[in-house]
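Any value given below was found using the heavy atoms of this structure, including those in side chains, with hydrogens, waters and symmetry copies removed. Only a predicted model underlies this, so the values are computations on that prediction, with no experimental measurement involved. One-based numbering along the sequence shown.
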Amino acid sequence: MIRRLWWMALLPLTAHAADDFARQWPLQPAGKAGAYRVALDAGVYRAAYWRDLRDVQVIDADGRPMASAVQAAATPIAGPARQVALDWFALPASAASAATTAGGDLSVVVQRDAGGNVVSVRNTLGAAGAAKGDPSWLVDLGRQAGQVQALRVEWEGEPTAVDLGYRLEGSDDLRRWQVLDPEVRLVRLHNQGRQLSSDRVAVSTSLRYLRLVPLQREGAPPLRALRGELAGDAAANDWQWIELAASAPDATAPARFRYRMQGRFPVQRVDVAMPPNTAVSWNVSSRDDDRKVADAEQAWQVRASGWNTWTLQEGERRQASAPLELGQETGDRDWQLQAEPAVAGTPAPALKLGYRPGSVVFLAQGRAPYLLVAGNARAGVRESNLEPMLAALRARNGAQWQPAVASLGEGAVRAGDKAYAPAAPVRDWKNLVLWAVLVAGALAVAGFAMSLLRGNRPAND
């Protein structure tokens, strides 16, 4: 009897229900290599259960998991710097001197339009105040203010010998100027067929107007153009978007809309699709079931407050506000938009969530063909040993090195929805076995005592 109780107590320990995955995709490696990289598509993210994608794995033909690691999208690499033409004006030496004497007030010599753009510069001192000398240069950055990283100087006639100093100043109103760099050098020298040239003035300011004031009296050749150098755009054209419709509106909370996302997309941008000619400010929040709190409403995490969105339709041309940058990615499933102010009747916009697809790197260890599987609520945390190897390979072969490419085939159902069933609560089988042994021992002692009592009972006469 005791052996039977022991066997029944240990049976749950020996029983094993193989964990499986909701969906699978055949992998098609390109060529023969030891390591491969496969980009994840929307179907994989939609099938994933865990926000860290622990349930996205690669298995071989025998169903054995292979060494793999999920990687986020690579950081975009900035392209080459771009140059734009800038509006610039020569300030005669007399006008610049007068402006400096008057405390830097250039309103007497500069005319601007209603938008603040400099349209002309004139010398109000007249011929009597004319003076010889190198001019100062007034630059209007306009819409590029805060974006220009440097000024590029182009001389007239390509002079062979230039070594000039200038003081770089900045202003927002053409009245009060501040020194940004006390001395910048512009150089162009030739010697024995070689050229030394420095025609770049570094700029680090958000001020709209710049002024280059000569440190020497004369000697500057005529200026042909001033160009602004802008940082090159990051080469990241792989943004993908998910569009969600709002759930049924909450009558108790006007202008509040909620959305549910399936899967674990690495969301980094938020946008809305609204009717033409509308302007609304939103508070953006998100939450997820794995964020355990006493009150479900407290699980909402604010992503942005007072985010202003707008659309404008002018004939065939449609303009809209820029997407909201979250600053960090999140895999939250539930999203909320709350209009501020909360005006009843605000139309429910379509919520657009932007992400850049990541990838899975795996080693071709087992028997082909290989499968990518995803979606398992019972998947445990996996430690990847590939990162040190990948880091060493990139250090050896260059930062842009990547494993060979593998592509995803057509997805198919594997275990389906039952793979999302959470694991049964873990029981302390040791305590159960101990209690079973104690109960069995007590029953055995009781049985032994009963048998003794029966054996000692006196015989009937």
Legend entry - Residue Q319 excluded, over 12 heavy atoms near CD under 6.0 Å: yes

Legend entry - Chi angles and distances behind the side chain to side chain contact (heavy atoms under 4.5 Å, CB included) call for Y36, V58: CA-CA 11 Å; Y36 293 94; V58 177; over 6 Å; no

Inset, instruction - Answer yes or no: is there a side-chain heavy-atom contact under 4.5 Å between D163 and R185? - result: yes

Legend entry - Step-by-step side chain to side chain contact (heavy atoms under 4.5 Å, CB included) determination, R269 to E325: CA-CA 5 Å; R269 289 182 176 179; E325 299 282 351; 2.7 Å; yes

Legend entry - Test salt bridge (Lys or Arg N to Asp or Glu O under 4.0 Å) applied to R260 and D289, step by step: CA-CA 12 Å; R260 177 73 175 180; D289 298 336; 3.7 Å; yes

Legend entry - Stepwise side chain to side chain contact (heavy atoms under 4.5 Å, CB included) test for L151 and V203: CA-CA 7 Å; L151 300 178; V203 175; 3.9 Å; yes

Legend entry - CG-CH2 distance between L91 and W137, expressed to the nearest 0.5 angstrom: 11.5 Å

Legend entry - Nearest-0.5 Å distance that lies between atom CG in L223 and atom CD in E154: 8.5 Å

Legend entry - Between CG on residue L174 and CZ on residue R211, distance to nearest 0.5 Å: 9.0 Å

Inset, instruction - Indicate yes or no: at least one non-hydrogen side-chain atom of T205 is less than 4.5 angstrom from one of Q178. - result: no

Legend entry - A379 versus W50, closest heavy-atom pair with distance: O-NE1, 3.7 Å

Legend entry - Gap separating the OH atom of Y209 from the CD atom of E169, nearest 0.5 angstrom: 15.5 Å

Legend entry - D62 atom CG, over 12 foreign heavy atoms within 6.0 Å: yes

Inset, instruction - Measure from the side-chain N and O atoms of T311 to the backbone N and O of N277, and report whether any donor-acceptor pair falls under 3.5 Å. - result: yes

Legend entry - F21 side chain near Q57 side chain, heavy-atom distance below 4.5 Å: yes

Legend entry - Pair R303 + D334: basic N to acidic O under 4.0 Å: no

Legend entry - Check: M66 and L363 side chains under 4.5 Å, non-hydrogen atoms: no

Legend entry - Basic-acidic side-chain contact under 4.0 Å: D52, R54: yes

Inset, instruction - Answer yes or no: is there an ion pair linking D288 with R264, defined by an N-O contact shorter than 4.0 Å? - result: yes

Legend entry - Atom CG of N397 with >12 non-hydrogen neighbours under 6.0 angstrom: yes

Legend entry - Contacts of type side-chain contact (heavy atoms from CB on, under 4.5 Å), residue A245, not counting sequence neighbours: none

Inset, instruction - May I ask you to test the L353-F265 pair for a side-chain heavy-atom distance under 4.5 Å? - result: no

Inset, instruction - Answer yes when R51 and D332 have at least one side-chain N-carboxylate O distance shorter than 4.0 Å, and no when they do not. - result: yes

Inset, instruction - Measure the acute angle between the ring planes of Y355 and Y45, then classify it against the limits of 30° and 60° as parallel, tilted or perpendicular. - result: perpendicular

Legend entry - Any side-chain heavy-atom pair of K352 and P323 under 4.5 Å: no

Inset, instruction - State, with a plain yes or no, whether a side-chain heavy atom of V213 is found less than 4.5 Å away from one of W177. - result: no

Inset, instruction - Mind checking the OH-CD spacing from Y370 to Q365? Nearest 0.5 Å is all I need. - result: 8.5 Å

Legend entry - Minimum side-chain heavy-atom gap P221-V162 below 4.5 Å: yes

Inset, instruction - Step through the shown structure and confirm whether more than 12 heavy atoms of other residues, nucleotides or ligands are within 6.0 Å of CD on E156. - result: yes

Legend entry - Reported CH2-to-OG distance for the pair W300 and S286, which is rounded to 0.5 angstrom: 7.5 Å

Legend entry - Reference residue R287; test side chain to side chain contact (heavy atoms under 4.5 Å, CB included); the match among Q336, R333, R258: R258

Inset, instruction - In sequence, state the C-alpha distance, the side-chain angles, and the governing distance for L86 and D140, and then conclude on side chain to side chain contact (heavy atoms under 4.5 Å, CB included). - result: CA-CA 7 Å; L86 298 176; D140 183 2; over 6 Å; no

Legend entry - side chain to side chain contact (heavy atoms under 4.5 Å, CB included), paired with Q24, selected from L372, V413, V373, I59: V373

